[in-house]
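Notes follow once the structure below has been shown.
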Amino acid sequence: MTMPLMRPPRKNPVLRTRQMNLPPWARGRVALGMTAAAAEGRFELQACDACGALQYPPRSACHRCLSSRLVWREQGGEGELLTETTLHHSNDLFFRERLPWRLGFVRLDAGPTLMVHVHGDVGPAPQRVRVGARLDRAGQAVLIGFPMEGSANMADDPMLREMGCDPKFRKVLVTDGKTPVGQALVRALVAAGADLVWVGHAEPWKRLGGLEDIAALPQVSLVPLDLSDNRSVVEQAGSIGGKVDIVVNNAEVHRTHGIASRRGTDVARAEMDINYFGLLRLAQAFGPALKGRSADGTASATAWVNLLSIYALSNFPPQGTYSASKAAAHSLAQCLRAEMALAGIRVMNVYPGPVDDEWNQNVPPPKLSPEALAAAVVKALKEGVEDVYPGDVAQEWLQRWRDNPKVLERELSMNRGA
């Protein structure tokens, strides 16, 4: 049974910070299909459309009939642990620093036999287990054998904590606490066990409802932070950048206008200044500090969360300039992910549908509540996924975009007068 994680001791400032050594990360192009599924929290294996065979490891052709008609299909993951061992020595730098480490072979009920990492709550073989896919610190898919029944402290297993970005005992920066979404995020992070939550607020002279309530929480500290002001961002990075373990960038400017509905570019500039350039300023100021602390003990720097929008995938004309700014931020976040991956920092992009706030008053239901959005973010942090699409609208939009993005564009254009 996994013991509960204890609060880590204060770091000795004299000791040199340990640097990240990534696990083996080389993968062939075919195997990246498993990584793509794990990035969204799914366990998928290759299946042959010609003969129905399920196979592992991934290949370019079916192992039974040699057909190239292979598709990725989600698996339940139930199977039997055939044998397991515990490593006490490794020549690989990543695993050598994290020994002991359990490995085992699992025969899935669906057929294939897999080599997996074994959770500490799994008993000795033979044993029924459930296999799931997670991303390791290099951002590649690995397979984990979980117990069939969860436990209270299951997430505190050292091996599983390496695969996720659990906020427990970590210090978090939420860039905007003035909005209902920001306040819901703060409460959810505190409930998840965050040690300290810095909450940014631009224009601190403005008294806004809800901000004083979250400021009263003992784990919360308000900090002045304006993502449109480079000096403000740099000053906060100099003050707390070396202590932050998770950055949650939820600051945004959201206006419901297309191109012809408003003269001039002032509103579009304001949206780009926060939604795109704000992310850029934040990444330049806080990114290096996070990368330098990605192996800094149990509560190391671990994740960067960007609150984007499902409109980043395909422009929603009634909110056209907002959609464009989120599309730009989406592209920039992909660059940030590539750079942070070299240090083992997970960049998580969240693509919600319309949120139930003042800027979506005229959008018909279903809409995502701020509390549901915050819960989805915390769940994704614990599971270590990369891309999150919370809410029914986001899930439907994503499926239609994957089926045919051109058809989705035409359908959305019919709503240009909404």
Side-chain angles (χ1 to χ4, degrees), residues 2 5 7-8 18 20-23 25 35 37-42 94 98 117 119 132-142 144 146 153-175 185-186 188-198 219 241 243-250 282-283 286-287 289-308 333-334 336-351 373-390:
T2 301
L5 180 69
R7 184 181 299 276
R18 192 176 72 182
M20 172 58 69
N21 290 302
L22 295 177
W25 57 273
T35 296
E40 297 180 7
R42 301 189 308 277
F94 176 85
R98 292 162 176 81
H117 304 288
H119 190 278
R134 294 288 180 94
L135 297 178
D136 65 11
R137 292 304 294 271
Q140 299 291 357
V142 294
I144 301 175
F146 294 96
N153 303 310
M154 186 172 170
D156 292 339
D157 178 72
M159 180 270 294
L160 190 58
R161 192 169 169 89
E162 283 288 343
M163 308 295 178
C165 309
D166 198 321
K168 187 175 183 179
F169 296 144
R170 286 190 161 104
K171 298 176 175 61
V172 187
L173 169 65
V174 176
T175 58
L185 282 167
V186 172
L189 289 164
V190 169
D195 190 58
L196 176 62
V197 181
W198 287 286
Q219 300 91 341
K243 306 172 188 177
V244 174
D245 304 316
I246 300 173
V247 171
V248 180
N249 179 29
N250 68 305
L282 200 66
F286 282 85
L290 258 70
K291 289 192 287 187
R293 293 188 48 255
S294 59
D296 193 14
T298 305
S300 61
T302 186
W304 184 296
V305 181
N306 296 309
L307 187 60
L308 301 177
Q334 291 177 317
L336 179 63
R337 176 177 290 164
E339 294 188 4
M340 300 295 272
L342 299 176
I345 298 293
R346 186 72 37 80
V347 173
M348 188 176 87
N349 293 332
V350 186
Y351 304 88
L373 177 54
V377 170
V378 170
K379 181 177 183 290
L381 282 170
K382 291 180 177 180
E383 296 179 354
V385 302
E386 279 189 352
D387 295 320
V388 189
Y389 302 88

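Just so it is clear, the values below take in all heavy atoms, side chains as well, and ignore hydrogens, waters and symmetry mates.
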Original post:
Which residues pass the side chain to side chain donor-acceptor pair (under 3.5 Å) test with Arg18, sequence neighbours left out?
Top reply: none
Original post:
Is the shortest heavy-atom distance from the side chain of Ile144 to the side chain of Met163 under 4.5 Å?
Top reply: yes
Original post:
So do Arg170 and Asp195 actually touch side chain to side chain, heavy atoms under 4.5 Å?
Top reply: no
Original post:
Which of these passes side chain to side chain contact (heavy atoms under 4.5 Å, CB included) with Met348: Val305, Ile246, Val248?
Top reply: Val305
Original post:
Once you round to the nearest 0.5 Å, how far does CG of Asp136 lie from CZ of Phe94?
Top reply: 6.5 Å
Subject >> Derivation and outcome, side-chain hydrogen bond (donor to acceptor under 3.5 Å, both in side chains), residues Asp245 and Thr302 >> reply: CA-CA 6 Å; Asp245 304 316; Thr302 186; over 6 Å; no
Subject >> Shortest non-hydrogen separation from Val244 to Ala301 and the atoms involved >> reply: O-CB, 4.0 Å
**OP:** Please tell me if the side chains of Asp387 and Glu40 come closer than 4.5 Å, counting only heavy atoms from C-beta onward.
**Re:** yes
Original post:
From Gln219 CD over to Lys171 NZ, what is the distance, rounded to the nearest 0.5 angstrom?
Top reply: 12.0 Å
**OP:** Answer yes or no: is there a side-chain heavy-atom contact under 4.5 Å between Val247 and Leu282?
**Re:** yes
Original post:
Going by the angle between their ring planes, with limits at 30° and 60°, are Phe146 and His119 parallel, tilted or perpendicular?
Top reply: tilted
**OP:** Starting at CG of Asn21, measure out to CZ of Arg137 and round the result to the nearest 0.5 Å.
**Re:** 11.0 Å
Subject >> Member of Leu308, Asn306, Val350 meeting the side chain to side chain contact (heavy atoms under 4.5 Å, CB included) criterion with Asn249 >> reply: Asn306
**OP:** For Val378 and Ala188, work out which heavy atoms get closest and say how close.
**Re:** CG2-CB, 3.7 Å
**OP:** Nearest 0.5 Å please: distance from the CG atom of Asp156 over to the CG atom of Leu5.
**Re:** 5.0 Å
Original post:
By side-chain contact (heavy atoms from CB on, under 4.5 Å), which residues pair with Ala155, not counting sequence neighbours?
Top reply: Asp166
**OP:** Before giving the answer on side chain to side chain contact (heavy atoms under 4.5 Å, CB included), spell out for Trp198 and Lys243 the whole-Å C-alpha distance, their side-chain angles and the decisive distance to 0.1 Å.
**Re:** CA-CA 10 Å; Trp198 287 286; Lys243 306 172 188 177; 3.6 Å; yes
**OP:** For Leu381 and Ala303, work out which heavy atoms get closest and say how close.
**Re:** CD2-CB, 3.8 Å
Original post:
Distance from Glu386 atom CD to Cys165 atom SG, nearest 0.5 Å?
Top reply: 9.5 Å
Original post:
When you look at NZ of Lys291, are more than 12 heavy atoms from neighbouring residues, nucleotides or ligands closer to it than 6.0 Å?
Top reply: yes
Original post:
Any idea which heavy atoms bring Phe169 and Ala299 closest together, and the distance?
Top reply: O-CB, 3.5 Å
Original post:
Can you name the closest pair of heavy atoms from Pro390 and Leu373 and give their distance?
Top reply: CG-CD1, 3.7 Å
Original post:
Between CD of Glu162 and OG1 of Thr298, what distance do you get to the nearest 0.5 Å?
Top reply: 9.0 Å
Original post:
If we only count heavy atoms from C-beta on, is the Met340 to Arg346 side-chain gap below 4.5 Å?
Top reply: no
Original post:
If we only count heavy atoms from C-beta on, is the Ile345 to Glu339 side-chain gap below 4.5 Å?
Top reply: no
